[in-house]
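Below: one structure, written as structure tokens.
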Number of protein chains: 2
Amino acid sequence: MGTTKKELFSLEDNQVAAIAKAVGHPARVAILKQLARLDACVCGDLVDVLPLSQSTVSQHLKALKEAHLILGEVEGKNVCYCINKEVWEKAQSLLTDFFSRR
Amino acid sequence: MGTTKKELFSLEDNQVAAIAKAVGHPARVAILKQLARLDACVCGDLVDVLPLSQSTVSQHLKALKEAHLILGEVEGKNVCYCINKEVWEKAQSLLTDFFSRR
DNA sequence: CCATTTCATCGCTATATTGCGATTCAATAC
DNA sequence: GTATTGAATCGCAATATAGCGATGAAATGG
């Protein structure tokens, strides 16, 4: 318990849920918006923009990375994040389809 | 801590996050799909369709109701759930806009 | 009245999430 | 080499979530 019984649901339902879950926090929404806006990647400028500590922002970035919605590339001392275009488009179509029902 | 600092984010970011959070579980995805498919409302047939106990399904329905994505109407002994069309469309446009970035 | 059915809620356990400060590690700067 | 900077991770506390069985409350059936 406390654990989602993923095995019991369809792949698609799990995919939709996983994406939605990753987006389900205002900080992560804000991060994704920033990354979309800047098109090119950014790094820890995100920390400056967000009203959260560095460690907390790092956690959210990790969550988004685990959902494959973003990519992080090391550039010397910095890490450059950007939207994972492929997965983003997949997510877009999954969610669009989902909400187009009815 | 353990609590999202919603105050620190924009209304829109919070709205997007709240909807995504509600959708962020495969059981709730499955419920919403069913309700969309049956167009007309259903009741505890949902429990039969889902691989979860009645109490757990009830919890998920509560979560969806709190996100205003669904409506529940008492009909004698039964409760009839259906998608909240207005909010659903709002959610659709919010999420579509969100994913249309970039 | 009592029994049954339908659903919500309580009470509990297990696990996950959010947040932060402190620490660590790698890369640069000196 | 040491110092500094950027970012991930650790460790912790507070809270939230997922799941279930049991109990409750309202409506129907007798």
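To find a chain, count down the sequence lines: A is the first, B the second, and so on, and within it residues start at 1.
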Just to be sure I understand the rule, does [X] reach a base, reach only the sugar-phosphate, or reach nothing, if contact means heavy atoms closer than 4.0 Å?
X     : answer
A/T4  : sugar-phosphate
B/K21 : sugar-phosphate
A/S55 : base

For the pair made of [atom1] in [X] and [atom2] in [N], what is the distance, rounded to whole Å?
X     : N      : atom1 : atom2 : value
A/N78 : D/dA8  : CG    : P     : 10 Å
A/H25 : D/dT15 : NE2   : P     : 15 Å
B/Q54 : D/dG19 : CD    : C1'   : 13 Å
B/L64 : D/dT17 : CG    : C1'   : 14 Å
A/E75 : D/dA8  : CD    : P     : 13 Å
A/E73 : D/dA7  : CD    : P     : 13 Å
B/K62 : D/dG19 : NZ    : P     : 15 Å
B/L50 : D/dC20 : CG    : C1'   : 15 Å

ask   = When you match A/K77 and A/T3 each to their closest nucleotide on DNA chain C, which lands nearer the 5' end?
value = A/T3
key: Upstream residue (5' side of DNA chain C) when A/G24 and A/V74 are each assigned their closest nucleotide   = A/G24
request  = At the 4.0 Å heavy-atom cut-off to chain A, mark where contacts on DNA chain C begin and end, going 5' to 3'.
outcome  = C/dT13 to C/dT28
ask   = Got a donor-acceptor pair under 3.5 Å from the side chain of A/Q59 to the base of D/dA8?
value = no
task = Name the residue closer to the 5' end of DNA chain D, choosing between A/G2 and A/V79 according to the nucleotide with the nearest heavy atom.
result = A/V79
query = Below 4.5 Å, heavy atoms only, C-beta onward: do A/V87 and A/L69 meet side chain to side chain?
reply = yes
task = Establish, from distance only, whether the side-chain atoms of B/T56 and B/S53 form a donor-acceptor pair under 3.5 Å.
result = yes
inquiry  = Count I, L, V, M, F, W, Y as connected when their side-chain heavy atoms are under 4.5 Å apart, and connections chain through other members. Are B/V47 and A/F9 then in the same cluster?
reply    = yes
task = Look at the side-chain heavy atoms of Ile, Leu, Val, Met, Phe, Trp and Tyr, link any pair under 4.5 Å apart, and say whether B/V49 and B/I83 land in one connected group.
result = no
message = With a cut-off of less than 4.0 Å, is there a side-chain N or O of A/S58 near OP1 or OP2 of D/dA7?
response = no
From [X] [atom1] over to [Y] [atom2], what is the distance, rounded to the nearest 0.5 angstrom?
X     : Y     : atom1 : atom2 : result
A/R28 : A/L61 : CZ    : CG    : 10.5 Å
B/L64 : B/L32 : CG    : CG    : 5.0 Å
A/L71 : A/K65 : CG    : NZ    : 9.5 Å

